[in-house]
Amino acid sequence: MTTERYNPRESETKWQKIWDERQTFKTPNDPSRPKYYVLEMFPYPSGRIHMGHVRNYAMGDVVARYKRARGFNVLHPMGWDAFGMPAENAAMQNKSHPAKWTYENIAAMRRQLQSIGLSLDWSREIATCDPSYYRHQQKMFLDFLAAGLVDRKQSKVNWDPVDQTVLANEQVIDGRGWRSGALVEQRELTQWFLKITDFSQDLLDSLDTLDRWPEKVRLMQKNWIGRSEGLLVRFELDAATAPADASELEVFTTRPDTLFGAKFMAIAPDHPLAKAAAVGNQALGEFIDECRRIGTSVAALETAEKKGFDTGIRARHPFDPNWLVPVYVANFILMDYGTGAIFGCPAHDQRDLDFVNTYGLGNTPVVCPADVDPSSFTITDVAYDGDGRMINSRFLDGMTALKAKEEVSRRLEAETLGNRPKARRQVNFKLRDWGISRQRYWGCPIPIIHCDDCGVTPVPVKDLPVVLPDDVTFDQPGNALERHPTWKFVNCPSCGKPARRETDTMDTFVDSSWYFARFTDPWNTESPTTRSVVDHWLPVDQYIGGIEHAILHLLYSRFFTRAMRKTGHCDLAEPFRGLFTQGMVVHETYKGKDGSWLTPNEVKFVSDSSGRRGFAIVTDEEIVIGPSEKMSKSKRNTVDPDDIIGTFGADTARWFMLSDSPPERDVAWTEEGVQGAARYVQQLWRLVNDLAEIAAPVGATMPATIGPEALKVRRAVHTHLMHVEEHIDRLRFNTAIAEIRKLSNDLISILSEMDQPADSADLKFAFREAADVLVLLFSPMMPHLAEDCWALIGHTAPVSESTWPSLDRSLTISESITLPVQVNGKKRAELTIAADADSKAIELEAVKLEGVLRALEGRPVRKVIVVPQRIVNVVG
RNA sequence: GCGGACGUGGCGAAACUGGUAGACGCAAGGGACUUAAAAUCCCUCGGAGUAUUCCGUGCGGGUUCGAUCCCCGCCGUCCGCACCA
């Protein structure tokens, strides 16, 4: 019998149209049904989707379709992270407008996404650059401001003097702007900040509750938040050496135990005391300037040696007024951590040791490791930062370092300097407040008006949204809003006098910090969220995206839900209950003799038992096959989803993306692999055609008696069904797919081994069940093929609207099992026995087996270990 | 430097986290069908061996009846943070 080949191109567009017409994936806000919210990180509308998107959305779609079939009301929306620099750069190049570029890209990418057959509710689509979205963001900014969650303060920024904008740290490469190549300056600018540090402790503590997040991401966030417990210690300055106004220096330390090992104090170049000391000290002033110039770029930090400059100031040791410690300005002290000042204990801190070794200040070990004789313990160029007992430390000697920490803290808290305690305990965080001001046009305007009389004045809510003007030009660098002839000139909403709009816009990370909440009711024109709706849908049950967002996006979103809760926009702290970070799509690289990269389309291959070689199609020259790397334009190893879908169909692309590697790991796109997936599409099509011929009609009831052949089919079906469920539940798509292939392999071999036509009622029923289950199992991965197969086997409603098969667990347990039998840990025999046989019966049978007796070589059996349902081990 | 993850066939991987190592697939080799190719179907496929055998999960030890999995020490690869006092 011949079956026509399955034609994905015709089929896929047909079913996409049908789903659309039937509104199959439209999700009502129906609180009566159990909900499931699955979300993939929304894309930036760069113009075209890439294979990484296909992988990401294929995973989310499997979860969405699976949960839908299992009876959940599934929310699976899509939108666009649409503000950002690339749109402005494109506008500059094309003499166009960022909005035009962005919306054209959105249209193109929406079409591409639709060709993948994703089960998305497009009626909820949002674009963050649309005033209908960002107006609510402006409202929340004002609410945050009123709630004390917004700050406006001076801060140091990376300033690109050519592009005239602030650059993020990631945009500074070797001290130069990534676009302009200009030397980046450190500037003090007044910036808007969101006070994420208000939640430092909670953001840290709550990580423990995120048990469905990757451990790696939680750890990265933990390190980023960077909590450390320590002591703030006030050192009195020697009046004879200190500047007139300065009487003390406060430092932060996590090692108060090492106070008697102090050899110097060091302060940041921007520390107020450094500035005071530089007055009338030209050499010191020059040193400070030099530190500033080198700045804090990564390259500078890696190579810069520890440098310092003695201010001449001396500080008194907190436990000994006669002990004077020199105060240095040093280039490795950060002003924005702790107090911008430290005491240096070189024996137990590598940086301090490097420093004293340059300036000849010496070191005194004060913590001695347990296995070392204190009298011979010396430090030369490796600091000791481990545990031990105190030495050379007066009243601390003999204590453990831990005890000494406590003792020093206790004593200094009790002693006073100028009527205040000499020290207090403090918790410090590395986490900084989130600077959101960007000197860009294509972002969400910050709804603030600056008035000479009234100062910083919020835009009244009735005047929202503050809309970006359309008539802007990009013929010169800098912020188009700033130089717009009229936009920024408004009257003060408070006093009515002429005033100016804030021309900074918000960091685009703000846009993506709450879009998941907006999806729950994107139709609300009055408020960012509708409380009854948002509280029902959130948290997102399964969030899927790239590991590159492990810190910023995910941390900002966690902050945002807390801030939204505080301002009444939602009622939860943690937005993402489950997080999954998928791996990249990589591809081999091809390099010609002349060192130029070739695309996969420009190369042909020859494979035989000696290996695989590649040749340039045009020149026939042999090329070098390089390692698989992330798809990139520069290495020309990209594969275009449109081409793949056009050639093989979306189902094949989806199947291959999910099948080859575990989802969290990188997957290598290969021509052979995608062809294997395409072959399987045809194999399934043939199999379902064969089943359609012999299966009982749709909805046939189970016959009273099921013969052994039919039982075999049913057992296979339900066993594989059980395993596929387990794999999808754990997001193990690759093993789910292996399990589906096992089922189809089983069915193919059962069909080929049948020597008689399946005309008995029980077999017909079993094959009906097999066909239904098989199609339903692969329908989340290959939905279009599944629809055609579903229709072929007689169903009238789409498989996308059908319910998941119910598992009969009794069919997954067989009457007899075959256990491997080991002798001394090595497999020597197999034992087939009743599944419910007890351990004693198994033991008696096992020691009689021929293979066991042979391996024992006449030795007596000393012990038999029976692991139920698993294995038998005979020890002898 | 600090923190973390990972090393299994020619390749991607699996092994229900202590219980038959290599499922499922890719590539390769052999065969059937065909004038031929594609497609399809059958067989082989970790190494050695005539074997009902031995060896084998980066390397070296250990715990255990039994270790890819747990412990100790190395080697290698990748990732994150980075002068955070």
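This structure is a prediction, so every number in the text was calculated from the model and none was measured. The chains referred to below are lettered A, B, ... by the order of the sequence lines, with proteins before strands, and numbering in each begins at 1.
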Trainee: When you measure from the side chain of P820(A), which nucleotide among rU20(B), rG25(B), rA85(B) comes out closest?
Mentor: rU20(B)
Trainee: Return the nearest nucleotide to the side chain of R741(A); candidates are rC65(B), rA27(B), rC24(B).
Mentor: rC24(B)
Trainee: Check this one for me: any side-chain N or O of R870(A) less than 4.0 Å away from OP1 or OP2 of rC65(B)?
Mentor: no
Trainee: Could you tell me the separation between the CD atom of E629(A) and the C1' atom of rU77(B), rounded to a whole number of Å?
Mentor: 15 Å
Trainee: For rA28(B) versus rA37(B), give the span between their P atoms, rounded off to a whole number of Å.
Mentor: 16 Å
Trainee: Should rU57(B) form a Watson-Crick or G-U wobble pair with both distances under 3.5 Å, which nucleotide is its partner?
Mentor: none
Trainee: From the options rA13(B), rG3(B), rA27(B), select the nucleotide whose nearest atom is closest to the side chain of E672(A).
Mentor: rA27(B)
Trainee: Taking the nucleotide of RNA chain B with the nearest heavy atom to each, does T818(A) or V874(A) sit closer to the 5' end?
Mentor: T818(A)
Trainee: Searching all strands shown, indicate the nucleotide that pairs with rC65(B) (Watson-Crick or G-U wobble; both distances under 3.5 Å).
Mentor: rG19(B)
Trainee: So if I take every side-chain heavy atom of I871(A) and compare against rG19(B), rC81(B), rA27(B), which nucleotide ends up nearest?
Mentor: rG19(B)
Trainee: rG66(B): syn or anti, with syn meaning chi within 90° of zero?
Mentor: anti
Trainee: Does the separation of the ring centres of Y590(A) and F605(A) fall below 6.0 angstrom?
Mentor: yes
Trainee: If I take atom CZ in residue R665(A) and atom P in nucleotide rU8(B), what distance separates them, rounded to the nearest angstrom?
Mentor: 9 Å
Trainee: Using distance alone, with no hydrogens and no angle criterion, decide if Y680(A) and S659(A) have a side-chain donor and acceptor under 3.5 Å apart.
Mentor: no
Trainee: Take atom CG of L751(A) and atom P of rC41(B), then tell me their distance rounded to the nearest Å.
Mentor: 13 Å
Trainee: At under 4.0 Å between heavy atoms, what does Q683(A) touch on the DNA or RNA strands: base, sugar-phosphate, or nothing?
Mentor: sugar-phosphate
Trainee: Tell me the interatomic distance from L658(A), atom CG, to rA13(B), atom P, rounded to whole angstroms.
Mentor: 15 Å
Trainee: Looking at the side chain of N873(A), which of rC65(B), rC79(B), rC81(B) is the nearest nucleotide?
Mentor: rC65(B)
Trainee: If you measure from the P atom in rC26(B) to the same atom in rC42(B), how many Å do you get, rounded?
Mentor: 13 Å
Trainee: Considering only side-chain heavy atoms of W224(A), which listed nucleotide, rA82(B), rU40(B), rC54(B), is closest?
Mentor: rA82(B)
Trainee: Rounded to the Å, how far apart are K826(A) NZ and rA21(B) P?
Mentor: 10 Å
Trainee: Within 45° of the ring axis of F355(A) and under 6.0 Å from its six-membered ring centre, is that where the NZ or CZ of K306(A) lies?
Mentor: no
Trainee: Using a heavy-atom cut-off of under 4.0 Å over every strand shown, decide if R854(A) touches base, sugar-phosphate, or nothing.
Mentor: base
Trainee: Under a plain distance cut-off of 3.5 Å, with no hydrogens placed, do D354(A) and Q350(A) share a side-chain donor-acceptor pair?
Mentor: yes
Trainee: Hey, which sits more toward the 5' end of RNA chain B by its nearest nucleotide, G676(A) or H727(A)?
Mentor: H727(A)
Trainee: According to the Watson-Crick and G-U wobble definitions, with both distances under 3.5 Å, which nucleotide is paired to rA28(B)?
Mentor: rU44(B)
Trainee: Take atom NZ of K430(A) and atom P of rA82(B), then tell me their distance rounded to the nearest Å.
Mentor: 8 Å
Trainee: Is there a donor N/O on one and an acceptor N/O on the other, under 3.5 Å, for the side chain of K306(A) and the base of rC83(B)?
Mentor: yes
Trainee: Just compare rG19(B), rA14(B), rU52(B) and give me whichever is closest to any side-chain atom of Q822(A).
Mentor: rG19(B)
Trainee: Is it the case that the side chains of N637(A) and T589(A) hold a donor-acceptor pair, with the cut-off being a distance below 3.5 Å and no angle test?
Mentor: no
Trainee: Taking the P atom of each, how far is rC24(B) from rG46(B), in whole Å?
Mentor: 13 Å
Trainee: From the set rA85(B), rC24(B), rA15(B), return the single nucleotide nearest to any side-chain atom of T735(A).
Mentor: rA15(B)
Trainee: Tell me the interatomic distance from D336(A), atom CG, to rC83(B), atom P, rounded to whole angstroms.
Mentor: 10 Å
Trainee: Provide the Watson-Crick or G-U wobble partner of rA5(B), both distances under 3.5 Å; none if there is no partner.
Mentor: rU77(B)
Trainee: Name the closest nucleotide to the F332(A) side chain, picking from rA85(B), rC83(B), rC65(B).
Mentor: rC83(B)
Trainee: For rC83(B), which nucleotide is its Watson-Crick or G-U wobble mate, given both distances must be under 3.5 Å?
Mentor: none
Trainee: Can you confirm whether N7(A) is buried at CG, in the sense that more than 12 heavy atoms of other residues, nucleotides or ligands lie under 6.0 Å from that atom?
Mentor: yes
Trainee: Would you indicate which nucleotide in rC24(B), rC54(B), rU40(B) comes nearest to any side-chain atom of R828(A)?
Mentor: rC54(B)
